[in-house]
Amino acid sequence: MIRWCSVVVSLVSKEWQLEWRGRELLTLLLCNATLMAVLVGAGVSSAVLNAEQTTKIFPMLLWVVFLLSSATSATRFNEQELEGRGFEGLLLAGVTGSQMYLSKFVVLSVFLLVSFLVLVGVLSIALDQNVSPVFSAVFGVGIATSTALSALLVLLAAIASTSKLKGVLLPVIALPLLFPVFLCGLEMTSQLVLNGALEEGAPWPYLLLCANAIYLVAGINLFDPAIRE
Amino acid sequence: MIELKNVSKAFGPLSVLRKLSLSVQSGEVVLLVGANGAGKSTLLKTIAGLSKVDSGSITRGTKKIGFVSHHLFLYGRLTVQENLTLFSSVSGRAFDSSLLSAFNLEGVARQAVATLSKGNQARVGIARAFIDKPELILLDEPTSNLDEKATALLLAAIARRMTESQGGVAVVFATHDIHRVAHLATRIVVLDRGAVVDDTGPFASREKIDKVLGSYREVNR
């Protein structure tokens, strides 16, 4: 088990090294999220909406922008593997698909969380919203949704990576499957922003945990067949 | 070492391997020959476990497989040393700097693989294949990007590995560059449209090998 985990750690380190050299995925995530947030902010500012109405639509705009920017940016996640056929090199070295999947899941989760936090900041400035009273709770929602998004996007990016239309294919297949995560994130953020706390007994945190578990189990089991010819 | 029974593989409507059966023992050096599209690369990828078969079975006597191909199976943005360190660590080994000297890579160890010449990239690919002291060495057109010196290094590495293991290694070569490697072969297997059409059998005599190679060359002239 220690050996199995040490391989995952080596792969996580490899993912960081590749991202550090190319600064590709994180840059793309942050640029997409910031640009979309600024555009949305400009659009809402020009509309005739009062402060209360803007507060009501803030969570929805946050989640639409986060999901779209994440799903479109993740298409670049396997570029390095495809260029040098790194996946196959790792398979030859005895690395399992599950180990590759987990390492990518960890790294993408962190990148998505960073992107989410930047997006919350930019969008709250653009829409003149104060989220600081509920920031720690929103941060928690960000962690749970980033892991769910990452669990699904890593698997789907591997499936889409063999297609010539991967730039189109990934968002098209990812967005419908990410709907439960969108709904949970939206509902929880709305409750936090509008009421200052989550409603007691609300099903959304449990639904989000279930989505995390389902996507992770699917990814661990299906990543290996997805990357083999 | 490996046994394939009635292995078939198709890419869509194109049948690449057709009920192919082949058994390779330790100590054998098999030269796999055939025209383009005969199924040599697919057969090697199938043996390596990189490609799934549609039907039939494959039994591998080892998990230590070294695969050298015109594909590098490396990360272009990482340096030579980082690549070799990564593949050593995931194989459960510490990085052995003698790999760099064995393949004349000391001078480029800190350069990103993508910035190297094709010849040097191929050497890194070969070094990667030898990290885990493979017991089954698969070579898919390994000499296509190599100059004479690099080819000699590759053949020396194979010979060294065979000596170290005292005959416990099997080698399967797929190449068009027959004259460079024919002297090593202990067996010739001729593939045509995904099936074995001629086979000298294991540890064949030089006379039999030359005869099969001669008739193969005659047919493909």
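To find a chain, count down the sequence lines: A is the first, B the second, and so on, and within it residues start at 1.
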Within the supplied structure, the quantity of interest is the number of heavy atoms (other residues, nucleotides, ligands) at a distance under 6.0 Å from [X] [atom1]; does it exceed 12?
| X | atom1 | result |
| --- | --- | --- |
| B:Arg110 | CZ | no |
| B:Lys52 | NZ | yes |
| A:Tyr206 | OH | no |
| B:Arg193 | CZ | no |
| B:Gln166 | CD | no |

For [X], is it the side chain, the backbone, both or neither that has a heavy atom under 4.5 Å from a heavy atom of chain A?
| X | result |
| --- | --- |
| B:Lys64 | neither |
| B:Arg128 | side chain |
| B:Leu50 | both |

Answer key: most heavy-atom pairs under 4.5 Å with chain B among A:Ser6, A:Ser13, A:Gly22 is A:Gly22
When heavy-atom pairs shorter than 4.5 Å are enumerated against chain B, which of A:Leu92, A:Val7, A:Leu11, A:Val95 gives the highest number?
A:Leu92
Toward chain B, the part of A:Glu88 with a non-hydrogen atom under 4.5 Å:
both
Side chains of [X] and [Y]: does their closest heavy-atom pair fall under 4.5 Å?
| X | Y | value |
| --- | --- | --- |
| A:Leu90 | B:Phe87 | yes |
| B:Arg77 | A:Glu19 | no |
| B:Leu72 | A:Arg85 | no |

Mind checking the CD-OG1 spacing from A:Gln17 to B:Thr79? Nearest 0.5 Å is all I need.
7.5 Å
Exercise: identify the closest heavy-atom pair between B:Tyr75 and A:Phe87:
OH-N, 4.1 Å
What option among B:Ile65, B:Thr46, B:Leu78 has the most heavy-atom pairs under 4.5 Å with chain A?
B:Leu78
Determine whether a donor-acceptor pair (N or O, by modelled atom type, separation under 3.5 Å) exists between the side chain of A:Arg3 and the backbone of B:Val90.
yes
Taking 4.0 angstrom as the limit, do A:Lys14 and B:Glu82 come out as a salt bridge?
no
